[in-house]
**Q** 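Can you keep this structure in mind? I'll have questions shortly.
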Amino acid sequence: MAARRSVVVTGASTGIGSACVKVLVASDFHVFGSVRKQGDAERLSKEFGASFTPLVFDVTDEAAVAAGAKTVEAALEGATLFGLVNNAGIAVPGPLLYLKVEDFRHQLAVNLTGQLIVTQAFAPLLGADRERKGAPGRIVMISSVGGKNALPFVGPYAASKFALEGLSDSLRRELMVFGIDVIVVAPGAVATPIWDKSDVDVTPYANTPYASALDRMKAYMISLGHKGLPPERIGEVVKTALTTANPKTRYTVAPNPVQQLMSAVLPKRAVDNLIARRLGLARPPR
């Protein structure tokens, strides 16, 4: 296995993570994919065969992540790891004024602290250990278009992705000494089963001023998801980030690039007003 290009993908059970595994395996990579449940490990092993090795850990569990890194280290036989795709993440919705602080902490623990835990565990295999054979590897951070433009009611998620963008910039500059590159991939809406489930519970906020706006936001997010990109499209961009000779520092992959550009260039107040009108968040007249 040491002679084959090997990549670690976290959060490989569904969605973007699973699509990354699919694309990379089809391109003759060996993929180590992290999942939290043994059942998912068995399912993916059956689907991808010998080209896939499951790692069972939660990204917030330092001991379990370290054990996963030991498994990969043994398989590499002294060679460098070609890439690490930090994809695992969750989304905690809700208006910030009424959100449980413990839920906010959990969002950051998974989407931000977890990424650092995984990066620290696998960095030696990517080339921070100078004794390893082969070229240094790359790290791909899965951020979001929400890492640059934050919508209401997904504040915890946006905060984690904004922070991940900063973490990635600092990390990229620090890891230059080892030759390890860090690239951000920022997807927009992606078509995954979560949109069909429509399982975001807004009932805890039914008696707040945000009740009707939350219903509109939920419907809007479902419609975005139905128009979203296939997750394999994100997998292809991840492969590009890992393999192209001169990668960009950040790739935005959105169904509507013009809409993303407008959000980036319009004055913040103008974007505020557009969102307020769509969701009914404008202050009522006295």
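We number each residue from 1, following the sequence as shown.
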**Q** Is it possible for you to say whether I117 and L125 belong to one hydrophobic cluster, with membership spreading through side-chain heavy-atom contacts below 4.5 Å?
**A**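 Shared cluster, yes.
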**Q** To the nearest 0.5 Å, tell me how far L151 CG sits from I275 CD1.
**A**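 Taking CG in L151 and CD1 in I275, the distance rounds to 5.0 Å.
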**Q** Would you indicate whether the side-chain heavy atoms of Y251 and V184 approach each other to under 4.5 Å?
**A**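 They are not in contact (no side-chain heavy atoms under 4.5 Å apart), so the answer is no.
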**Q** Got L76 and L81 here, is their nearest side-chain heavy-atom distance under 4.5 Å?
**A**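 Yes, at least one pair of side-chain atoms sits under 4.5 Å.
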**Q** Would you call D169 and R172 a salt bridge, taking side-chain N to carboxylate O under 4.0 Å as the test?
**A**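 Salt bridge flag = yes for R172 with D169.
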**Q** For residues L99 and Y205, determine if any side-chain heavy atom of one lies less than 4.5 Å from a side-chain heavy atom of the other.
**A**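 With C-beta onward as the side chain, the pair touches.
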**Q** What pairs meet the ring-ring contact (aromatic ring centres under 6.0 Å, His included) rule with one or both residues in residues 228-249, with sequence neighbours excluded?
**A**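 For residues 228-249, and leaving out neighbouring residues, there are no ring-ring contact (aromatic ring centres under 6.0 Å, His included) pairs at all.
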**Q** Evaluate L44 against E47 for side-chain contact (heavy atoms from CB on, under 4.5 Å), listing each step before the verdict.
**A** CA-CA 5 Å; L44 293 172; E47 181 178 353; 3.9 Å; yes
**Q** Please list all pairs meeting side chain to side chain donor-acceptor pair (under 3.5 Å) that have one or both residues in residues 140-154, counting only residues at least two apart or in different chains.
**A**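 Checked against side chain to side chain donor-acceptor pair (under 3.5 Å) - neighbours excluded - the pairs reaching residues 140-154 are S143-E165.
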**Q** Considering non-hydrogen atoms only, spot the tightest contact between A121 and V65 and give its length.
**A**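 Heavy-atom minimum between the residues: CB-CG1, 3.6 Å.
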**Q** What's the shortest heavy-atom distance between L164 and N111, and which atoms?
**A**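 Shortest heavy-atom contact: CD1-O, 4.1 Å.
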**Q** Which is it for Q115 and V118 under the side-chain contact (heavy atoms from CB on, under 4.5 Å) test, yes or no, and what are the steps along the way?
**A** CA-CA 5 Å; Q115 315 313 306; V118 172; 5.8 Å; no
**Q** Check whether any side-chain heavy atom of V9 lies under 4.5 Å from a side-chain heavy atom of L24, and answer yes or no.
**A**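 V9 reaches L24 side chain to side chain.
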**Q** Any heavy-atom pair between the side chains of P255 and K227 that's under 4.5 Å?
**A**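 Answer no - side chains too far apart.
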**Q** Looking only at heavy atoms, which two atoms of A254 and L229 are closest? And how far apart?
**A**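 Closest heavy-atom pair between A254 and L229: C-CD1, 3.8 Å.
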**Q** May I have the list of side-chain donor-acceptor pairs in residues 84-92 shorter than 3.5 Å, sequence neighbours left out?
**A**
from	atom 1	to	atom 2	distance (Å)
N86	ND2	T119	OG1	3.0
N87	ND2	T10	O	3.1
N87	ND2	G11	O	3.0

**Q** Give the intermediate values and the outcome of side-chain contact (heavy atoms from CB on, under 4.5 Å) for residues F82 and H30.
**A** CA-CA 10 Å; F82 192 86; H30 186 92; over 6 Å; no
**Q** Are V190 and I142 connected into the same hydrophobic cluster when the rule is that any two of I, L, V, M, F, W, Y join if their side-chain heavy atoms are below 4.5 Å apart?
**A**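 Yes, I142 and V190 fall within the same hydrophobic cluster.
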**Q** Return the set of residues passing ring pair (Phe, Tyr, Trp, His ring centres under 6.0 Å) with F57 (not counting sequence neighbours), or none when no residue passes.
**A**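 So F57 forms no ring pair (Phe, Tyr, Trp, His ring centres under 6.0 Å) with any residue.
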**Q** Determine which pairs satisfy ring-ring contact (aromatic ring centres under 6.0 Å, His included) with at least one residue from residues 122-153, sequence neighbours left out, and list them in order.
**A**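 Listed once each, the pairs are F153-Y210.
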**Q** Nearest 0.5 Å, please: how far is NZ in K161 from CD in Q107?
**A**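 Result: 8.5 Å between the selected atoms.
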**Q** Quick check for you: to the nearest 0.5 Å, what is the distance between I222 atom CD1 and K218 atom NZ?
**A**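 Interatomic distance, I222 CD1 to K218 NZ, rounded to 0.5 Å: 6.0 Å.
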**Q** Are F104 and H106 an aromatic pair by the rule of ring centers under 6.0 Å?
**A**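 Here the rings of H106 and F104 have centres that are no less than 6.0 Å from each other.
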**Q** Which one of D28, V25, V31 satisfies the side chain to side chain contact (heavy atoms under 4.5 Å, CB included) criterion with S51?
**A**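 Output: one option passes, namely V25.
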**Q** Quick check on E131: does its CD atom have over 12 non-hydrogen neighbours (other residues, nucleotides or ligands) under 6.0 Å away?
**A**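 Not more than 12 within 6.0 Å, no.
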**Q** Given the rule that I, L, V, M, F, W and Y join up when any side-chain heavy atoms are under 4.5 Å apart, are L167 and L126 in one cluster?
**A**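 Linked, L167 and L126 end up in one cluster.
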**Q** How long is the span from the CG atom in L175 to the CD1 atom in I139, to the nearest 0.5 Å?
**A**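 If I round to the nearest 0.5 Å, the distance is 5.5 Å.
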**Q** Ignoring hydrogens, what is the shortest heavy-atom contact between V56 and R36? Give both atom names and the distance.
**A**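 Closest heavy-atom pair between V56 and R36: CG1-O, 3.9 Å.
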**Q** Which atoms form the tightest heavy-atom contact between Y98 and P209, and what is the distance?
**A**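 The pair with the smallest heavy-atom distance is OH-CD, 3.4 Å.
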**Q** Mind checking whether V21 and V253 sit in one hydrophobic cluster, side chains of I, L, V, M, F, W, Y counted as touching below 4.5 Å?
**A**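 Yes, same cluster.
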**Q** Under 3.5 Å, sequence neighbours excluded: what are the donor-acceptor pairs made by side chains of residues 231-249?
**A**
from	atom 1	to	atom 2	distance (Å)
K239	NZ	S27	OG	3.2
T240	OG1	E236	O	3.1
T243	OG1	K239	O	2.7

**Q** With a 4.5 Å cut-off on side-chain heavy atoms, are V271 and N273 touching?
**A**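 With C-beta onward as the side chain, the pair stays apart.
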**Q** Given the rule in the side-chain contact (heavy atoms from CB on, under 4.5 Å) test, do F32 and S6 qualify, once you have shown the distances and angles that lead to the verdict?
**A** CA-CA 7 Å; F32 297 87; S6 296; 3.9 Å; yes
**Q** Any carboxylate oxygen within less than 4.0 angstrom of a Lys/Arg side-chain nitrogen, looking at R43 and D40?
**A**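 Judged by the 4.0 Å cut-off on N to carboxylate O distance, R43 and D40 do form a salt bridge.
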**Q** Rounded to the nearest 0.5 Å, what separation is found between the OG1 atom of T60 and the CG atom of L116?
**A**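 Those atoms lie 13.0 Å apart.
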**Q** Give the cluster check for F162 versus V182: same hydrophobic cluster or not, with ILVMFWY residues linked at side-chain heavy-atom distances below 4.5 Å.
**A**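 No, because F162 and V182 fall into different hydrophobic clusters, even though each may have its own neighbours under 4.5 Å.
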**Q** For I180 versus A123, what's the shortest heavy-atom pair and its separation?
**A**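 Shortest heavy-atom contact: CD1-O, 4.1 Å.
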**Q** For atom CD of E73, is the number of surrounding heavy atoms from other residues, nucleotides or ligands below 6.0 Å larger than 12?
**A**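 Counting neighbours around CD of E73, more than 12 heavy atoms of other residues, nucleotides or ligands fall under 6.0 Å, so yes.
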**Q** Any heavy-atom pair between the side chains of K133 and T80 that's under 4.5 Å?
**A**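 Sidechains of K133 and T80: no contact.
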**Q** Are L108 and P156 side-chain neighbours, meaning at least one heavy-atom pair lies under 4.5 Å?
**A**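 Not in contact.
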**Q** Quick check against the 3.5 Å criterion: does S18 have a side-chain atom that pairs as donor or acceptor with the backbone of G15?
**A**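 Checking the backbone N and O of G15 against the side chain of S18, no donor-acceptor pair under 3.5 Å is found.
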